[in-house]
2 protein chains.
Amino acid sequence: MSLRHAMLGLLARGPASGYDLLKLFEISLSNVWPATQSQLYAELGRLADTGLVKVVAEGPRGRKEYAITDEGMAELRHWITDVEPNRSRRSDMLLRVFFLNTVEPDQARQYLRDQAAAAAKQHEGLTKIREIIADGQDALSVYGRIAVEWGLRFSAMQREWAEWAVEEIDQLPSPTPE
Amino acid sequence: MSLRHAMLGLLARGPASGYDLLKLFEISLSNVWPATQSQLYAELGRLADTGLVKVVAEGPRGRKEYAITDEGMAELRHWITDVEPNRSRRSDMLLRVFFLNTVEPDQARQYLRDQAAAAAKQHEGLTKIREIIADGQDALSVYGRIAVEWGLRFSAMQREWAEWAVEEIDQLPSPTPE
DNA sequence: GGGCCCATGTAAGAGGTTACATGATTAA
DNA sequence: TTAATCATGTAACCTCTTACATGGGCCC
């Protein structure tokens, strides 16, 4: 149940409405923990019911601003330090690799070249983000940079791997259908 | 809907029962696309209903052996070559990094050291698998090696990143609570 | 006979996606 | 006045997890 903790984490920075959270997810967490509008409003209700957040202000158009409570803050810290991150990652990109023997080597190479290109593009996008975010020594900047650095290293690794893999397939004897 | 394609991919190697598939998922796909017993049996029924697989033999204890059909094979190849892999990855490990500013720097460092250790352990496990799988030049060996190589590079990258990140936090001014 | 593995299935519930539905406020 | 944005909520559906439920066959 990481959605609730993602929301608590954002609310730890200050009060926000469901609409605000939606924007925050889009700009800062979309690559790590995407969330939809319907999820956010439903979960906000549950968080309020369990006392981890509370409504602190109401604005125009029915706007409700929520703030994290002490219990919410405790739950967030507990989740960060005491709950084991989920190691299992599902990757349909990698799943296809397992079955590349069912297509022609040409198609397999094309597939891996596409992955290399996608990784390169992703890397490029992250370098731009890296340039934008501040070089400050405050905690927020440091942790933000650490997260972006993960993405940079991941996309670089994936590009290199895919390019290496294309070479490997070149070693395969030409006619390898089925 | 990658589960069905994972199952088709395994059945492309030869007929198997639900029970067989469960074992195959456990030994070969657990790190890429885990599946549970209840999922497999339910999906086998749906695959048979849509004609992508069919029962080819019945054995003791109600065992039903399924084989992929021509339509199933076509669907598998279509999925591999024409369907864009899902780029969005959820990572609660990385999500926590975004919120490390809410805990003490000591705890943040500990968290990242734990991630480095977990990655190192994962890398070690994969090197053993790498040693076991054949060095053959046939398609199955080559693609298997490519998939394992991804895991090796990923876990190496993650270990290096986490160790680098610990150093970054050391640059933070000591008292940075809240 | 008893324990282990083989073998299949169902049900409840959590989490997530997509679509539907509605309306207020603001700025050009 | 009208289009964009702010703002909240519900419903249907899919996927995945966990637990329940049952029983046959094999080997010691």
Side-chain angles (χ1 to χ4, degrees), chain A residues 1-8 10-11 15-27 29-50 52-53 55-66 79 83-92 95, chain B residues 1-8 10-11 15-27 29-50 53 55-66 79 83-84 86-92 95:
Chain A
M1 226 204 301
S2 298
L3 173 69
R4 79 170 4 181
H5 297 104
M7 294 171 71
L8 289 172
L10 291 176
L11 288 172
S17 67
Y19 191 85
D20 293 341
L21 287 177
L22 182 63
K23 301 294 154 193
L24 289 168
F25 268 87
E26 279 167 7
I27 60 170
L29 297 183
S30 59
N31 289 315
V32 170
W33 207 270
T36 61
Q37 180 253 41
S38 66
Q39 256 185 305
L40 292 181
Y41 284 108
E43 190 62 32
L44 267 178
R46 277 176 237 130
L47 282 167
D49 289 345
T50 47
L52 300 182
V53 306
V55 177
V56 288
E58 308 215 4
R61 283 164 292 201
R63 175 187 173 91
K64 282 184 279 186
E65 218 164 52
Y66 294 85
W79 174 75
V83 180
E84 267 288 283
N86 192 355
R87 301 280 164 217
S88 81
R89 54 213 140 81
R90 277 195 166 85
S91 168
D92 66 327
L95 186 58
Chain B
M1 224 204 301
S2 298
L3 173 68
R4 78 170 7 183
H5 297 104
M7 294 171 71
L8 289 173
L10 291 178
L11 287 173
S17 68
Y19 191 85
D20 293 341
L21 287 177
L22 182 62
K23 300 297 153 190
L24 287 169
F25 268 88
E26 279 168 7
I27 60 170
L29 296 182
S30 60
N31 290 316
V32 170
W33 206 272
T36 61
Q37 180 254 41
S38 66
Q39 253 185 307
L40 292 182
Y41 284 108
E43 190 63 34
L44 267 179
R46 277 177 236 128
L47 283 167
D49 288 346
T50 47
V53 305
V55 177
V56 287
E58 309 216 1
R61 281 163 294 201
R63 176 187 173 91
K64 281 184 280 185
E65 218 163 52
Y66 294 85
W79 174 75
V83 181
E84 268 287 284
N86 192 356
R87 301 282 164 220
S88 83
R89 54 213 139 83
R90 279 194 164 86
S91 168
D92 65 327
L95 185 59

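Each chain gets a letter, A, B and so on, in the order its sequence line appears, and its residues count up from 1. For clarity, every value in this text was computed on a predicted model and none was experimentally measured.
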Q: Pick base, sugar-phosphate or nothing for R90(B), based on heavy-atom distances below 4.0 Å to the nucleic acid.
A: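 The residue R90(B) makes sugar-phosphate contact but no base contact.
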Q) Checking all strands, does L3(A) fall into the base, sugar-phosphate, or nothing category for heavy-atom contacts under 4.0 angstrom? A)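 Sugar-phosphate, backbone atoms only, no base.
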(Q) Heavy-atom nearest nucleotide on DNA chain C for Y66(B) versus A35(A): which residue maps closer to 5'? (A)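 The residue whose closest nucleotide sits nearer the 5' end is Y66(B).
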[X] [atom1] - [N] [atom2] separation (whole Å):
| X | N | atom1 | atom2 | value |
| --- | --- | --- | --- | --- |
| L44(B) | dT10(C) | CG | C1' | 15 Å |
| R63(A) | dA24(C) | CZ | C1' | 14 Å |
| E43(A) | dG9(D) | CD | C1' | 15 Å |
| E58(B) | dA7(C) | CD | C1' | 12 Å |
| L24(A) | dC6(D) | CG | P | 12 Å |
| L22(B) | dT8(C) | CG | P | 10 Å |
| Y19(B) | dC5(C) | OH | P | 8 Å |
| K64(A) | dC6(D) | NZ | C1' | 15 Å |

Mind checking the [atom1]-[atom2] spacing from [X] to [Y]? Nearest 0.5 Å is all I need.
| X | Y | atom1 | atom2 | value |
| --- | --- | --- | --- | --- |
| R87(A) | D92(B) | CZ | CG | 8.5 Å |
| Q39(B) | L22(B) | CD | CG | 10.5 Å |
| E65(B) | L11(B) | CD | CG | 10.0 Å |
| T36(B) | L3(B) | OG1 | CG | 8.5 Å |

Q: Would you check if the side chain of S2(A) reaches a backbone N or O of H5(A) as a donor-acceptor pair within less than 3.5 Å?
A: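 Side chain of S2(A) to backbone of H5(A), a donor-acceptor pair under 3.5 Å: no, none is there.
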Q: Please check if the side chain of S30(B) supplies one atom and the backbone of I27(B) the other of a donor-acceptor pair under 3.5 Å.
A: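 Not confirmed, S30(B) side chain does not pair with I27(B) backbone.
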Q.
Given dG9(D), dG9(C), dT17(D), identify the nucleotide with an atom nearest to the side chain of T36(B).
A.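 Looking only at heavy atoms from C-beta outward on T36(B), the closest nucleotide is dT17(D).
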Q.
Check the phosphate of dT8(D) against Y41(A), side-chain N and O only, distance under 4.0 Å to OP1 or OP2. Yes or no?
A.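 It does, given that an N or O in the side chain of Y41(A) lies less than 4.0 Å from OP1 or OP2 of dT8(D).
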Q) Quick one: is dT17(D) close enough that its OP1 or OP2 comes under 4.0 Å of any side-chain N or O from Q39(B)? A)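 Yes, because at least one side-chain N or O of Q39(B) sits under 4.0 Å from OP1 or OP2 of dT17(D).
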Might you list the N or O atoms of the protein lying below 3.5 Å from N or O atoms in nucleotides 19-28 of chain D, with each pair's distance?
{"residue": "dG24(D)", "atom": "N2", "partner": "R61(B)", "partner atom": "NH1", "Å": "3.0"}

Q. Quick one: salt bridge (Lys or Arg N to Asp or Glu O under 4.0 Å) partners of R4(B), sequence neighbours excluded?
A.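 R4(B) satisfies salt bridge (Lys or Arg N to Asp or Glu O under 4.0 Å) with E43(B) once adjacent residues are dropped.
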